[in-house]
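A quick write-up on the structure given underneath.
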Amino acid sequence: MKELPTKYDPQAIEESIYAEWTAERLFRADENSLKPPYSVVIPPPNVTGILHIGHALNNTIQDIIVRMKRMQGYETLWMPGTDHAGIATQNVVERQLSREGKTRHDLGREKFLKRVWKWKEDHGSTIIRQLKRLGCSCDWDRTRFTMDEGLSRAVKEVFVRLYEEGLLYKGDYIINWCPRCETALSDEESEHRDLEGKLYYIKYPVKGRERLEKEGEDYVVVATTRPETMLGDVAVAMNPDDPRYKGLKGKTLLLPILKRELKVIFDGNVDPSFGTGALKVTPAHDPVDFELGARHGLERINVMTSDGKINSVGGDYEGMDRFECRETIIEDLIQRKLFVKSEDHRHAVGHCYRCHTIVEPRLSKQWFVRMKPLSVEAIKVVRDGRIKFYPDRWGKVYLNWMENIRDWCISRQIWWGHRIPVWYCKDCLDDHDVRDITIDGPGHKGIVIGNENPGKCPSCGGTRFEQDPDVLDTWFSSWLWPFSTLGWPEKTRAGEVFYPTKALVTAQEIIFFWVARMIMAGLKFRGAIPFSDVYIHGTVRDATGAKMSKSLGNVIDPLEVIKEVGSDALRYSIISITSQGQDVFLSREKFDIGRNFANKVWNASRYVLMTIGELAGSAPPDASRLGTADKWILSSLDTTVRNVTSSLDAYRFSEAASELYDFIWHKYCDWYLEMSKLSEDKETTSRVLVLVLKESLKLLHPFMPFLTEAIWGMIPGADGRIMTAAWPVASDEPGSSDAVRGMEKIIALVTSIRNVRAFWNIEHKAKVRVLVNVPSSRDLDALKNNLLYIRRLAGCEIVEMGPEVERPAQSVASLAGDIRLFVPLGGAIDIEKEKSRVARKIGEVEKYLGGIDKKLSNASFLDNAPGDVVAKEKEKKARFEREVATLKDNLAALS
RNA sequence: GGGCGCGUAGCUCAGCUGGUCUAGAGCGCUACCCUUACAAGGUAGAUGUCACAGGUUCGAUCCCUGUCGCGCCCACCA
């Protein structure tokens with residue numbers, strides 16, 4: 001007989017079991033299998049990343065889905081991989097370089113990229129290792145990286161197609177610019193955070209009236225939060241209906257400090273109620289001003305360098321940092337008496353999502369994707385339910401973004417990433433700086449798309465080519481992930497079989513970044529949705545509600561938790577506290593839930609394996625020999641199978657977890673296992689014990705894969721791996737309701753007797769004598785058949801049991817549903833104590849009875865409520881009345 | 001400015017289409033127990049005007065409206 005070690009030691013089993021699974025190639029997804037396919041998309045974690053607790057949650061959920069589906073007989077593919085995280089990775093390597101006193105420019109592009117690749121080889125698999133430690137059953141043979149050759153081909157293919165369909169353009173727009181990373185960012189990459197800023201009021205003189213005496217005639221006051229951008233002002237705008245400024249029509253203003261002449265323009269988009277109603281117009285540094293400038297044909301003056309310093313336009317301010325310049329300009333304006341006042345002003349300011357530097361809205365020439373055409377289908381598929389969000393409120397968030405979608409800035413001024421596959425013919429373009437070329441659509445002269453130098457220009461025959469220096473947004477490769485990883489644009493068997501996938505599991509933060517764009521890309525390039533279910537789980541926060549992040553230092557490292565309590569406990573704990581879509585507030589103690597449960601399962605299994613000996617074999621129990629408890633536990637198991645399966649199918653993971661917890665702990669261990677110790681038919685009991693254990697372990701396997709596999713390996717007659725065992729199927733019949741009812745009576749009676757024992761401080765080893773009044777003959781049979789159990793579990797002697805049993809003198813009484821029980825205590829009864837107990841109980845029951853009485857005497861209730869509800873209420877009433885009667889009887893007898 | 005979520009036991013939270021709710025769980029608390037699977041355990045127990053105010057309904061923790069408190073997301077009010 002095999003035996004489990006006495007002590008549950010997750011460290012001892014987890015890594016070795018994972019190695020066994022790997023050796024047996026159980027994670028592999030076979031595209032030639034005849035099983036129905038089932039695939040999920042793993043969000044490619046950032047290659048610079050390490051596993052944080054949010055990943056642990058995310059990947060546990062996916063692993064649960066995948067493991068259940070695998071056990072249900074699907075050919076499951078869980079495709080793992082990482083994305084190259086352009087900006088983040090480049091930052092990491094640049095930081096490394098700066099410690100050596102170098103910049104990337106010192107190395108040059110080629111050497112720098114070599115260095116990044118080296119870094120990737122050294123560190124890029126950290127998170128993969130960690131996911132394995134967590135137990136993820138991904139098909140690691142298919143691990144992909146967004147810069148792999150195949151995925152890069154997909155990126156190029158998509159770029160070409162978008163270009164040829166006129167969905168790409170390159171032009172001057174205000175984009176979010178990170179002066180630290182020195183690159184453009186998409187709107188999604190600029191995170192808005194509320195900051196306490198100032199709103200500065202500044203006088204702009206009217207040309208020729210430099211005395212500055214009368215506001216509105218000699219000067220105009222404008223309000224701005226970014227005074228440094230005034231260096232790029234070209235106009236001041238007012239609302240045409242604003243009476244204050246009617247007189248300024250046709251006038252010219254002077255920019256303080258630079259003395260540039262500014263036009264006065266009128267535009268309906270200016271809000272007269274904000275500030276002074278006069279808006280300084282800086283088309284190169286503000287999106288609103290850019291629009292205004294475009295409508296009124298204004299010049300665009302860029303005043304900053306790429307690292308956020310004032311450029312030569314700024315005269316004396318040249319070379320100053322943008323915020324230093326802000327201070328200096330204010331001081332200068334105060335000196336020149338052009339400064340009016342400043343007010344506190346709270347406003348949202350964009351920050352770089354990678355380095356948290358304040359983003360500068362800046363005029364820049366960038367590549368964009370026209371998104372509106374791509375969004376049309378993507379809106380439809382969610383509207384008509386082909387793609388469902390869980391919980392569905394996220395569908396609204398998605399649609400709201402999709403319906404207001406803006407063009408996607410995809411070029412980045414960094415080196416690590418997919419280089420934009422565009423070659424410029426220097427001859428056709430008259431040696432213009434390639435950064436300055438504007439491209440509206442396909443067929444632009446002198447432009448060749450491709451990864452290789454085209455060699456010869458198709459239009460002029462020239463041979464001098466220069467590739468676009470920029471790279472693509474990382475998400476431009478991530479949005480292709482569901483099909484690029486399956487070989488697209490090649491037609492592959494895997495691509496046919498495993499696309500579309502079924503489920504996507506992710507956090508709310510990347511709905512726009514990734515989920516929405518994958519849907520668009522899937523529809524556009526594969527002509528089909530990439531997945532049908534999007535499950536959005538909550539954000540993991542610390543106990544105070546703050547997002548867990550390294551910079552806040554509130555991170556719980558999952559690997560440390562694994563070291564302490566094991567991966568199974570971590571997984572179970574985090575799932576059980578995560579109700580659907582709700583944010584998770586995490587603290588260290590939460591992991592006790594899983595640790596204790598794992599321990600319980602371990603010990604119960606150990607006990608079962610120890611006691612069954614050779615009795616169980618692999619044979620099922622003989623149905624004719626099943627007793628009340630056997631039938632009850634089998635029926636409860638059946639219910640549990642049904643509920644766990646349906647909860648998991650509905651993405652209610654915590655519900656499934658607690659269903660299992662309750663069944664295994666409070667039904668199987670607390671009752672069935674205890675009763676099994678007293679069984680007289682050891683063979684049947686053993687068979688039931690093993691059967692229920694095996695089925696429970698299977699249900700638990702997706703949550704606690706290691707533990708269940710370890711135990712499975714010790715069970716006689718449990719073949720193969722639990723990981724590939726067949727998922728339990730619930731029976732069609734409702735099960736033995738008689739046994740369930742009977743068992744409920746047993747439990748109620750035993751509990752009630754124990755209650756009496758505890759209340760009267762009856763010594764542990766002393767047996768009490770009990771008389772039991774059971775009105776129902778059905779229940780009486782059930783109880784009589786299980787007298788042995790009742791006696792032993794409650795530590796009592798049943799003196800009498802039947803429908804006519806009366807309360808003897810000198811006894812205390814108790815109730816178990818409609819069963820009355822009497823315990824003669826002789827002189828040991830403290831009358832006053834018992835009286836107060838009974839009186840309190842009467843009060844309680846009468847309160848409930850009152851409520852039901854009121855209901856039942858309400859004619860409208862009787863008329864309107866469905867029949868079964870009324871019947872139930874009546875039943876309840878009868879029960880309570882009996883209870884009250886009994887209790888009153890008891891009270892009377894005590895006096 | 002728009003959208004969303006949350007206020008339920010001392011703490012952390014479940015409670016899915018209103019009646020199976022006499023509102024649950026885990027932790028904590030009280031009493032008893034080292035009963036030969038488990039003290040990371042067992043047995044028994046205490047604790048709730050389900051944020052507040054209205055409304056709909058025969059009936060509301062659940063649906064609607066408003067108020068207060070907390071949190072999140074989106075947004076070009078300079």
Side-chain angles (χ1 to χ4, degrees), chain A residues 4 6-8 174 192 199 222-226 229 237 269-271 273-275 278-282 286-291 345 347-348 361 391 393-394 396-397 400-401 404 508-509 511-512 538-539 541 543 545-547 565 569 576-577 579-587 589-590 592-593 595-611 647 650 652 654-655 658 661-662 669-670 673-674 677 751 754-759 761-765 795 844-845 847-849 851-852 854-855 858-866 868-870 872-873 876 879-880:
Chain A
L4 285 173
T6 314
K7 207 165 159 45
Y8 166 56
I174 300 282
H192 287 88
L199 187 59
V222 302
T224 178
T225 54
R226 295 191 294 151
T229 63
N269 277 16
V270 178
D271 177 1
S273 65
F274 187 90
L279 166 67
K280 70 182 208 55
V281 183
T282 323
D286 187 281
V288 176
D289 296 10
F290 178 83
E291 294 294 324
H345 183 66
H347 60 150
R393 66 187 133 92
W394 294 112
K396 275 186 267 172
V397 175
N400 181 51
W401 183 82
N404 298 296
Q508 163 260 116
E509 291 99 87
I511 292 179
F512 307 140
T539 305
R541 300 173 185 285
K547 216 186 261 190
V565 301
S576 70
I577 60 172
S579 62
Q580 197 182 42
Q582 231 32 56
D583 284 356
V584 188
F585 293 84
L586 202 59
S587 55
E589 311 81 70
K590 296 275 169 79
D592 290 348
I593 303 170
R595 187 194 57 168
N596 294 355
F597 187 45
N599 191 242
K600 189 75 180 177
V601 172
W602 181 267
N603 282 301
S605 305
R606 201 158 60 83
Y607 171 76
V608 171
L609 292 176
M610 262 162 37
T611 45
S647 293
R652 295 183 198 281
S654 65
E655 196 177 85
S658 71
Y661 185 97
D662 182 65
C669 291
D670 287 354
L673 222 135
E674 290 306 320
K677 294 174 182 173
T751 306
R754 285 171 174 169
N755 183 338
V756 171
R757 297 184 62 113
F759 188 79
N761 288 323
I762 291 166
E763 230 192 282
H764 214 60
K765 292 196 170 111
E844 251 172 57
V845 179
K847 199 180 88 194
Y848 302 134
L849 194 55
I852 293 171
K854 208 172 116 195
K855 238 182 194 176
N858 184 340
S860 322
F861 171 70
L862 296 173
D863 291 346
N864 294 309
D868 57 318
V869 170
V870 176
K872 259 172 207 159
E873 290 295 328
K876 258 196 245 171
R879 210 168 65 227
F880 285 137

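Every value quoted in this text rests on a predicted model; they were computed, and no experiment measured them. Numbers restart at 1 for each chain; the letters A, B, ... are given by sequence-line order, proteins then strands.
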Every protein N/O within reach of nucleotides 40-51 of chain B N/O, cut-off under 3.5 Å:
{"from": "B:rA40", "atom 1": "O4'", "to": "A:Asn596", "atom 2": "OD1", "distance (Å)": "3.4"}
{"from": "B:rA40", "atom 1": "O2'", "to": "A:Asn599", "atom 2": "OD1", "distance (Å)": "3.2"}
{"from": "B:rA40", "atom 1": "N6", "to": "A:Lys7", "atom 2": "NZ", "distance (Å)": "3.2"}
{"from": "B:rG41", "atom 1": "OP1", "to": "A:Asn596", "atom 2": "ND2", "distance (Å)": "3.2"}
{"from": "B:rG41", "atom 1": "O3'", "to": "A:Lys600", "atom 2": "NZ", "distance (Å)": "3.3"}
{"from": "B:rG42", "atom 1": "OP1", "to": "A:Lys600", "atom 2": "NZ", "distance (Å)": "3.2"}
{"from": "B:rG42", "atom 1": "OP1", "to": "A:Trp665", "atom 2": "NE1", "distance (Å)": "2.6"}
{"from": "B:rU43", "atom 1": "O3'", "to": "A:Arg754", "atom 2": "NH1", "distance (Å)": "3.4"}
{"from": "B:rG45", "atom 1": "OP1", "to": "A:Asn755", "atom 2": "ND2", "distance (Å)": "2.7"}

Query - Nearest-angstrom distance, C1' atom, B:rA60 to B:rU17 - result: 15 Å
Query raised in the report: How long is the line joining CG of A:Asp592 and P of B:rC38, in whole Å?
Result: 20 Å
Query - Contacts of A:Val756 that satisfy side-chain contact (heavy atoms from CB on, under 4.5 Å) - sequence neighbours left out - result: A:Trp760, A:Val812, A:Ser814, A:Leu821, A:Val823
Please produce a list of atom pairs where a protein N or O lies less than 3.5 Å from an N or O of nucleotides 75-78 of chain B.
{"from": "B:rC76", "atom 1": "OP1", "to": "A:Arg406", "atom 2": "NH1", "distance (Å)": "3.0"}
{"from": "B:rC76", "atom 1": "OP1", "to": "A:Arg406", "atom 2": "NH2", "distance (Å)": "2.9"}
{"from": "B:rC77", "atom 1": "O2", "to": "A:Asp271", "atom 2": "OD2", "distance (Å)": "2.8"}
{"from": "B:rA78", "atom 1": "OP2", "to": "A:His345", "atom 2": "NE2", "distance (Å)": "3.2"}
{"from": "B:rA78", "atom 1": "N6", "to": "A:Asp271", "atom 2": "O", "distance (Å)": "2.7"}
{"from": "B:rA78", "atom 1": "N6", "to": "A:Phe274", "atom 2": "O", "distance (Å)": "3.1"}
{"from": "B:rA78", "atom 1": "N1", "to": "A:Asp271", "atom 2": "N", "distance (Å)": "3.4"}

Query raised in the report: A:Ala278: what forms a side-chain contact (heavy atoms from CB on, under 4.5 Å) with it, not counting sequence neighbours?
Result: A:Val220, A:Val222, A:Val236, A:Met238, A:Tyr245, A:Thr276
Requested in this report: Take atom C1' in B:rU57 and the same atom in B:rG1, then report the distance between them in whole Å.
Outcome: 37 Å
Query raised in the report: In whole Å, what separates the C1' atom of B:rG2 from that of B:rA46?
Result: 48 Å
Review item, nucleotides 2-10 of chain B N/O atoms under 3.5 Å of protein N/O:
{"from": "B:rG5", "atom 1": "O2'", "to": "A:Gln582", "atom 2": "NE2", "distance (Å)": "2.8"}

Measure all distances between protein nitrogen or oxygen atoms and nitrogen or oxygen atoms of nucleotides 54-59 of chain B, and list the pairs falling under 3.5 Å.
{"from": "B:rC58", "atom 1": "O2'", "to": "A:Asn858", "atom 2": "ND2", "distance (Å)": "2.7"}

Report task. Provide the distance between the two P atoms, one in B:rU43 and one in B:rC27, to the nearest whole Å. Result -> 12 Å
Report task. Using the C1' atom as the reference point in each nucleotide, state the distance between B:rA14 and B:rG48 in Å, no decimals. Result -> 15 Å
